Structure formats: structure tokens, C-alpha cells
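Here is the structure we will look at, set down as C-alpha cells.
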Amino acid sequence: MTEGAEVHPTQPNRADAATAAVTRSRTSSLQVVETDSGPTETASCESEEPDQQEEESSTFPEIQHHSTAGPEDSSGGQVAPDGGWGWVVVAATILVLAMTLAFPSCIGIFYTDLQNDFQASNTETSWVPAIMMAVLHAGGPICSVLVERCGCRATIIIGGILSGLGMAASSFAQTMVELYITAGIITGMGFSLSFQPSITMMGHYFVRRRAFANALSSTGTALGLSTLPLLANYLLSSFGWRGSFLVLGGVLLNCCVCGAVMRPLGAKPKTEARTGPTGNHHLKTNCLSVHQEREGLKGRLRATLSTVMPFLRRHMAFDLLCSNPYFCAYALGVSWMMLGFVVPLVYLVPYATAYGMEQDRAALLMAILGLINIIVRPVTALVFGLPRFRGSHNFAYLFATAVLINGLSNCICGMSPSFPVLLAYVIAFGISMSLVGSLLFTVLMDTVEMSRFPSALGLISIMESIMLLLGPPLAGILVDSTKQYAYVFFACSITGSTAGLFIMLSFYWLDRQKDREVKISSIYKGTNLLKPSIKMTIDCDYSPVPLNSKNDRDIETDV
């Protein structure tokens with residue numbers, strides 16, 4: 001027993017020796033890491049710079065740090081009020097939409113006068129509203145850059161000034177090309193700078209009541225559709241088309257007033273928090289310049305791509321087309337829908353007047369269309385604002401159904417140019433159009449994160465602008481070749497109905513795929529939960545045998 005008692009104190013000595021060996025190995029590895037840290041830091045200069053630029057991809061400096069998960073952001077910053085001054089923002093957004101999105105529809109009132117004055121065909125005249133609507137939607141990236149630099153309020157005011165000056169300058173146009181530039185490009189760019197920041201600002205002011213706020217703000221388009229054609233018809237009979245354009249330019253300056261009430265929701269972030277310390281920035285710049293000198297043209301191209309890609313990700317969400325299948329399906333469906341969605345608004349009045357209807361009655365049809373939108377959109381806003389609809393994923397299917405009905409309603413217009421038939425068409429088209437306008441931005445906000453909404457809206461706007469630019473001229477070519485307006489509405493029926501079916505089937509298939517993945521992941525998690533219990537049972541039954549126990553027993557036996 002005396003010899004056995006002297007054996008146990010030797011075990012801690014062995015443990016200490018093992019610990020010392022591990023410590024020496026760690027110390028040597030740390031020394032190796034320290035000696036190799038120089039090249040690693042140099043190599044990381046390029047990799048950290050794009051990451052920093054991506055971290056700087058704040059959408060709007062006045063209203064960032066908000067998400068769709070709830071009224072409070074993840075950083076504990078400003079809380080979305082879901083009311084209060086937000087209702088003033090909604091009212092301003094309604095007026096902005098009335099003066100921007102609905103404005104191209106009143107160009108149809110001046111359609112015949114423009115043709116007679118410039119001796120232009122349907123195709124040449126249709127380029128005016130087409131360019132205006134295309135630039136309105138294509139100016140998304142430029143609008144995003146201006147908002148990031150100047151803020152939402154200043155951007156909306158700049159847009160109001162541009163749109164007013166563009167329409168005023170178009171009253172002095174002597175050729176169709178000048179009209180394309182003034183009424184199409186300049187006015188359309190002003191519409192874009194006023195329209196998109198208003199929608200984004202309102203989206204940040206509301207989270208729980210976002211569907212209600214979007215549907216309520218969409219009544220602005222209905223307000224414009226019901227008032228602008230009547231105003232344009234009155235101005236045309238009183239002052240001619242040139243005087244009408246000059247007066248309408250003054251009306252569009254009211255967008256500046258709407259932009260003035262767009263109060264920022266949060267403060268702008270500090271520059272140091274975004275760019276980091278100045279010393280690190282200069283160090284990374286020096287590292288980047290050294291690599292550019294070493295690699296030559298290849299390094300410059302790489303540096304250019306590292307700057308362009310974060311810019312495209314910030315202002316045009318091309319990455320969402322690959323990473324978010326719901327957004328991809330929605331963007332493709334909405335873009336295809338826009339090919340024939342606004343064409344009936346441009347050609348309804350020329351279609352009615354071409355078959356002997358008076359100009360006043362044709363303008364009355366447009367006013368009735370706007371009146372239906374004014375009645376239906378607040379009702380849909382109240383219904384979609386109910387608690388049972390909040391956070392519902394069925395908005396996409398309701399939107400697709402409305403697009404399908406809107407496309408099929410164009411067949412009614414192609415049957416006969418009489419006033420009762422066109423009145424029935426206006427009712428069906430107006431109701432479905434109200435649902436589409438109420439859910440257009442709500443579905444997009446539910447599809448992507450709110451932090452990516454401006455860039456996603458910019459990309460969809462670019463895709464829509466291509467279709468909006470092609471739609472009216474293609475319809476004009478169809479009218480000039482066939483001398484029949486009915487074929488235009490039948491073509492719009494095909495594009496609208498196919499777009500609705502595509503969105504509906506795509507979201508249904510993606511939902512099925514998502515449910516299948518959830519089931520598979522739940523089964524996989526269930527199997528993983530069983531493994532720890534089995535392991536614990538094995539661990540409880542198993543007990544390691546000391547290495548020196550056999551020697552101790554032998555010593556005890558010998559003793």
C-alpha cells in the first residue's frame with residue numbers, strides 16, 4: 001500500500017507535461033500566424049473594400065433602418081408611427097400619384113389636335129405618352145441616387161420643378177421631336193423623381209397598416225383619372241392644346257408642395273459610422289492602388305467591377321432575380337402586364353371619337369373610370385386593412401386574379417363602340433384596375449424586405465418602362481395597318497390575361513415547393529433531435545477505465 005500510494009502523485013505530473021506540450025504547440029502556431037499576418041492583411045485589402053461598399057448600401061438616408069418584421073427596427077431606432085404624421089404623408093402621396101401616374105391618360109384628349117397640328121400618324125403621336133410613361137418608370141436608379149444624396153423631400157421637389165417646366169416648354173414645341181423631349185423625357189423624369197420617393201416614404205411610415213395605406217394612396221391615380229380628363233377637355237376648348245399644356249405645367253408644380261410635407265422619419269446616419277475611420281480608408285485605398293499598379297488592366301477592371309456591383313445592388317436589385325424566385329416571377333408578370341395595361345387609357349377616347357361619339361361624352365367615360373376607382377379603392381383599403389388580412393400571403397393571388405379579370409374585360413370594348421357597351425367596359429375595367437392598383441406595391445413589399453424595396457422598385461420600373469415604351473407605338477402600328485381600333489383592345493386582353501395566369505401559377509408552384517422544403521426540413525430536424533438522446537444514453541453507460549488502475553491492482557495483489 002505504501003508503494004501504491006506513491007504512484008498516484010505522478011499522474012498530475014504527466015498532465016502538466018501534456019499541458020505544457022499543448023501550450024508550446026499553440027505558442028508556435030501563434031508565432032507562425034504572426035509572421036504570416038503581413039501578406040494576409042495585404043490580400044484582405046481588396047476583399048474588405050467591396051464589403052464596406054455593400055454595407056454602405058443604405059437605400060434612403062432619411063428612412064433607413066426599418067424592416068417589414070414590425071414597427072421597430074432591429075437596431076432599436078425610430079419606430080414606424082402607423083399613423084400620426086403618416087396620414088399627412090398618405091395625403092401628399094395621393095396628390096402626387098394623381099399628378100404623375102394618371103397624367104399620361106389625359107394626353108388622349110389632345111390626340112386628335114396633335115395629329116392635325118403636326119400632320120402626324122397614330123404611331124408618331126402615340127410616342128408622346130409612351131415616352132412619358134417609359135421615362136416615368138425608367139428613372140428609378142437615377143431617383144434612388146438623388147434620394148441617397150439629397151433625401152426624399154428634395155428629390156420630390158426637384159421632380160415637381162422638372163415636370164412643371166417640361167409641360168410648360170412643350171407648349172412652345174414646333175415639331176414632334178421637340179414634343180418627345182419636353183413632354184416625354186423632361187416631364188416623365190420629373191414624374192419619376194416625384195412618384196417613387198413618395199411611395200417609399202409612405203412604406204416606411206406604415207408597417208401594420210401598410211396594405212391599408214397602399215390601397216388608400218392608390219386612390220390618387222383614380223383621382224387623377226376622374227379629374228384630369230375633364231380638366232384637359234375644358235382647357236382644350238378654352239385655350240387650345242398649347243395653352244392647356246402651359247396651364248397643366250403650373251398644376252404639376254404642386255408636386256413641390258407635396259414634397260415639402262414629406263418629413264423625414266429618422267435622422268441621417270453619421271459619415272463616420274458609414275465610412276469607418278479615415279486611417280483605415282486611406283490604408284485600403286493605398287493597398288488597392290498598389291494592386292492596381294501590379295496587375296495593370298486586370299486590376300483596374302476588378303476595381304471597377306467592385307464599385308459597379310454594389311451600385312447595381314443598391315439601386316437595381318439584379319441579385320433578387322436569382323436569389324428571390326417570388327420577386328422574379330412577380331417582376332416578369334408585372335412587366336408583361338404593362339405591355340397592354342395602359343394602352344386602353346390612351347386609345348379609349350380616340351376609339352370613341354373615331355366612330356362618331358362626341359368629345360365630351362368620350363371624356364365623360366374617362367371621368368367615370370376615375371370615379372369608379374375613387375369609390376372602389378377606399379373600400380378595398382378598408383377591407384385589406386382588417387386584422388385578418390394583415391400579413392396574409394393571399395394578396396399575390398388576389399392581385400393575379402385582378403390582372404386576369406382586367407385583361408379579359410378588354411374584350412368588351414372590342415365588341416362595339418356604342419356608349420352603353422363602352423360604359424359596361426369602363427365599369428369592369430375600373431373595378432379590376434382598382435384592385436390591381438391597390439395591391440401592386442403591397443405584393444412587392446411582401447415579396448422583398450423593406451430595406452431592398454427601393455432597389456426592387458427601381459428594377460421593376462426599368463422592366464416596366466421597356467413594355468410601356470413599346471405598348472402604345474405597337475398599338476399605333478396595329479391601328480395604322482388595320483384601320484380598326486378593336487384589334488388593339490383584343491391584343492391588350494391577351495397580354496393582361498396571360499400575365500395574370502403566369503403570376504398565379506408561378507406563386508402557386510413556388511408555394512408548393514416551399515411547403516415541400518418545410519416538410520423535409522422538419523423531418524430532418526426530428527431525426528436530429530433523436531440523436532442527442534441516444535448519445536446521452538451511451539455516454540451514461542460508458543465510463544472510461546483509468547490507465548493506471550491495472551498497475552495499482554497488480555501492486556495491491558503483490559502486496
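Since this is a predicted model, take the numbers as computed values, not measurements. Basis for what follows: all heavy atoms, side chains included, without hydrogens, waters or symmetry-related copies.
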Distance check, rounded to the nearest 0.5 Å: Leu162 atom CG versus Thr187 atom OG1? 8.5 Å
Test item: Arg242 side-chain N/O and Ala173 main-chain N/O as donor-acceptor pair under 3.5 Å: yes
Any side-chain heavy-atom pair of Met167 and Phe103 under 4.5 Å: yes
Only pairs at least two apart or in different chains count here, so list each side chain to side chain donor-acceptor pair (under 3.5 Å) that has a residue in residues 469-483. Asn122-Asp480, Thr123-Asp480
Got a second to check how far Leu230's CG is from Cys106's SG, nearest 0.5 Å? 11.0 Å
Nearest 0.5 Å, please: how far is CG in Leu228 from CE in Met366? 9.5 Å
Is the closest side-chain heavy-atom distance between Tyr111 and Val128 below 4.5 Å? no
Trace of the side chain to side chain contact (heavy atoms under 4.5 Å, CB included) decision for Gln359 with Ile109: CA-CA 8 Å; Gln359 184 82 12; Ile109 302 296; 3.8 Å; yes
Side chains of Thr112 and Pro350: closer than 4.5 Å at any heavy-atom pair? no
Side chains of Phe110 and Thr125: closer than 4.5 Å at any heavy-atom pair? no
Closest non-hydrogen atoms of Tyr397 and Met504, given as atom of the first, atom of the second and distance, are CE2-O, 3.9 Å
Smallest separation among heavy atoms of Ser126 and Pro472, with atom names: OG-O, 3.5 Å
Report the distance from atom CG of Leu165 to atom OG of Ser170, rounding to the nearest 0.5 Å. 11.0 Å
Are the side chain of Ser493 and the backbone N or O of Phe489 linked by a donor-acceptor pair below 3.5 Å? no
Are side-chain heavy atoms of Phe429 and Asn406 found at a separation under 4.5 Å? yes
Flag, side chain of Ser244 to backbone of Leu235, donor-acceptor distance under 3.5 Å: yes
From OG1 (Thr227) to CE (Met99), nearest 0.5 Å: 10.0 Å
Taking all atoms of both residues into account, what is the closest heavy-atom pair of Ile405 and Ser432, and its distance? CG2-CB, 4.1 Å
Got more than 12 heavy atoms from elsewhere within 6.0 Å of CH2, Trp241? yes
Run Ser163 and Thr100 through side chain to side chain contact (heavy atoms under 4.5 Å, CB included) and show every step you take. CA-CA 9 Å; Ser163 58; Thr100 55; over 6 Å; no
Mutual orientation of the aromatic rings belonging to Phe399 and Tyr330 [parallel < 30°, tilted 30-60°, perpendicular > 60°]: tilted
Can you give me the closest heavy-atom contact between Ala329 and Ser506, atom names plus distance? CB-CB, 3.7 Å
Partners of Ile368 by side chain to side chain contact (heavy atoms under 4.5 Å, CB included), sequence neighbours excluded? Leu364, Ile372, Leu423, Val426
Using side-chain heavy atoms (C-beta onward) and a distance below 4.5 Å, is Cys413 in contact with Leu422? yes
Kindly assign one of parallel, tilted or perpendicular to the pair Tyr355 and Tyr351, based on the angle between their ring planes and the thresholds 30° and 60°. perpendicular
Donor-acceptor contact present, side-chain Thr442 to main-chain Leu439, <3.5 Å: no
Ile156 versus Ser198: any side-chain heavy-atom pair under 4.5 Å? yes
Looking only at atom types and distance, does a side-chain atom of Thr495 sit under 3.5 Å from a main-chain N or O of Met337, one as donor and one as acceptor? no
Listed partners of Leu320 passing side chain to side chain contact (heavy atoms under 4.5 Å, CB included), at least two apart: Ala317, Ser323, Asn324, Phe327, Val448, Arg452, Ala456
Could you tell me which non-hydrogen atom of Gln196 sits nearest to which non-hydrogen atom of Gly139, and how far apart they are? NE2-C, 4.4 Å
Evaluate the side-chain proximity of Ile374 to Leu223: yes if any heavy-atom separation is below 4.5 Å, no if none is. yes
Heavy atoms of other groups near Tyr487 OH, more than 12 under 6.0 Å: no
So, does Ser465 use its side chain to make a donor-acceptor pair with the main chain of Leu136 at under 3.5 Å? no
What class does the angle between the rings of Tyr347 and Tyr485 fall in, given that below 30° is parallel, 30 to 60° is tilted and above 60° is perpendicular? tilted
Could you tell me the separation between the CG atom of Asn373 and the OG atom of Ser434, rounded to the nearest 0.5 Å? 3.5 Å
For Thr93 and Ile199: C-alpha separation, side-chain torsions, deciding distance, then whether side chain to side chain contact (heavy atoms under 4.5 Å, CB included) applies. CA-CA 7 Å; Thr93 305; Ile199 293 295; 4.1 Å; yes
If every non-hydrogen atom of His137 is compared with every non-hydrogen atom of Glu464, which pair is closest and at what distance? CD2-OE1, 2.8 Å
Could you check whether any side-chain N or O of Ser194 sits under 3.5 Å from a backbone N or O of Phe191, counting only pairs where one atom can act as donor and the other as acceptor? no
